[in-house]
Amino acid sequence: MLLYNVTTIIEDAAADSWLKWVEETHIPNVMASGKFVSYRLLRVLDSPNEGVTYCAQYVVDHMADYLDYQTNFAPALQAEVNDLFENKFVSFRTLMEYIA
């Protein structure tokens, strides 16, 4: 199993609207891809950055599903967040493998 983590730092002024959009639209669209088996959304409490930091974590069973998501779903979903919150956030993505 793999964990796909998306960390986003969003400006304070846009944080509430971003969070609402992520919960109501973005995460349901990611899960509708059928590639992930579960997700969680976390807020980082001790971030050294300005703004609000969130981590969206998605569990995927197989690398092939992750790669298919990256090819066929991620570009449109990432373009949407860029259109809605342009210049108000930064995100970075990490793929991790479960060990224990």
Side-chain angles (χ1 to χ4, degrees):
M1 284 195 333
L2 305 167
L3 180 76
Y4 174 50
N5 182 82
V6 182
T7 300
T8 300
I9 305 164
I10 184 84
E11 290 180 359
D12 288 322
D16 289 342
S17 60
W18 180 89
L19 181 59
K20 180 178 166 113
W21 173 79
V22 163
E23 290 179 313
E24 295 178 0
T25 304
H26 186 71
I27 289 175
N29 288 341
V30 170
M31 295 306 292
S33 73
K35 303 302 173 184
F36 300 101
V37 297
S38 65
Y39 75 91
R40 68 180 60 151
L41 181 61
L42 303 104
R43 180 177 176 171
V44 177
L45 297 179
D46 62 352
S47 176
N49 303 300
E50 290 187 27
V52 184
T53 303
Y54 292 96
C55 295
Q57 298 182 334
Y58 304 93
V59 176
V60 59
D61 282 332
H62 306 285
M63 180 64 80
D65 289 328
Y66 169 77
L67 294 173
D68 186 54
Y69 172 80
Q70 288 299 322
T71 299
N72 296 306
F73 298 93
L77 292 167
Q78 291 172 12
E80 183 179 15
V81 70
N82 287 330
D83 290 343
L84 292 171
F85 298 96
E86 187 175 11
N87 299 320
K88 296 180 182 174
F89 75 99
V90 294
S91 287
F92 61 92
R93 294 157 181 81
T94 310
L95 182 64
M96 296 171 265
E97 180 180 34
Y98 282 89
I99 301 299

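Counting from 1, the numbers follow the sequence of the chain as shown.
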Query - Spacing of CG belonging to Leu19 relative to OG1 belonging to Thr8, to within rounding of 0.5 Å - result: 11.0 Å
**Report entry** Note, Val60 side chain near Tyr69 side chain (heavy atom, < 4.5 Å)
**Finding:** no
Report summary line: Interatomic distance, OG@Ser91 vs CG@Asn5, rounded to 0.5 Å, equals 10.0 Å
Query - Distance, nearest 0.5 Å, that separates CZ of Phe89 from OG1 of Thr7 - result: 13.0 Å
**Report entry** Non-hydrogen side-chain atoms of Asn29 and Leu77 separated by less than 4.5 Å
**Finding:** yes
Query raised in the report: Out of curiosity, Trp18 CH2 to Glu11 CD, how far, rounded to the nearest 0.5 Å?
Result: 13.0 Å
**Report entry** side-chain contact (heavy atoms from CB on, under 4.5 Å), paired with Tyr4, selected from Met96, Lys35, Gln70
**Finding:** Gln70
Query raised in the report: Once you round to the nearest 0.5 Å, how far does CG of Asp12 lie from CD of Glu50?
Result: 8.0 Å
**Report entry** Side chain proximity check, Val52 to Ile9, heavy atoms < 4.5 angstrom
**Finding:** no
Report task. Supply the atom-to-atom distance Asn82 CG to Lys88 NZ, rounded to the nearest 0.5 angstrom. Result -> 12.5 Å
Report summary line: Note: Leu41 and Tyr54 closest approach over all heavy atoms is CD1-CB, 4.4 Å
**Report entry** hydrophobic_cluster_shared for Tyr66 and Tyr39, side chain cutoff 4.5 Å
**Finding:** yes
Requested in this report: Provide the closest heavy-atom pair for Val22 versus Pro28 in the form atom of the first, atom of the second, distance.
Outcome: O-CD, 3.9 Å
Query raised in the report: Does a side-chain heavy-atom distance below 4.5 Å link Leu2 with Val59?
Result: no
Query raised in the report: If only atom types and distance count, is the side chain of Ser17 paired as donor or acceptor with the main-chain N or O of Ala14 below 3.5 Å?
Result: yes
Query raised in the report: Is there side-chain contact between Arg93 and Gln78, with heavy atoms separated by less than 4.5 Å?
Result: yes
Query raised in the report: With side chains defined as the heavy atoms from C-beta onward, is the minimum distance between Leu42 and Gln57 less than 4.5 Å?
Result: yes
Query raised in the report: Would the number of heavy atoms belonging to other residues, nucleotides or ligands and lying under 6.0 Å from CG of Asp61 be above 12?
Result: yes
Query raised in the report: Any side-chain heavy atom of Asp68 within less than 4.5 Å of one from Phe73?
Result: yes
Query raised in the report: Would a 4.5 Å heavy-atom cut-off, applied to side chains only, mark Trp21 and His26 as touching?
Result: yes
Report task. Specify whether Tyr58 and Phe36 have parallel, tilted or perpendicular ring planes, treating 30° as the upper limit for parallel and 60° as the lower limit for perpendicular. Result -> tilted
Requested in this report: Keeping the roles fixed (side chain from Ser33, backbone from Val30), state whether a donor-acceptor pair exists under 3.5 Å.
Outcome: yes
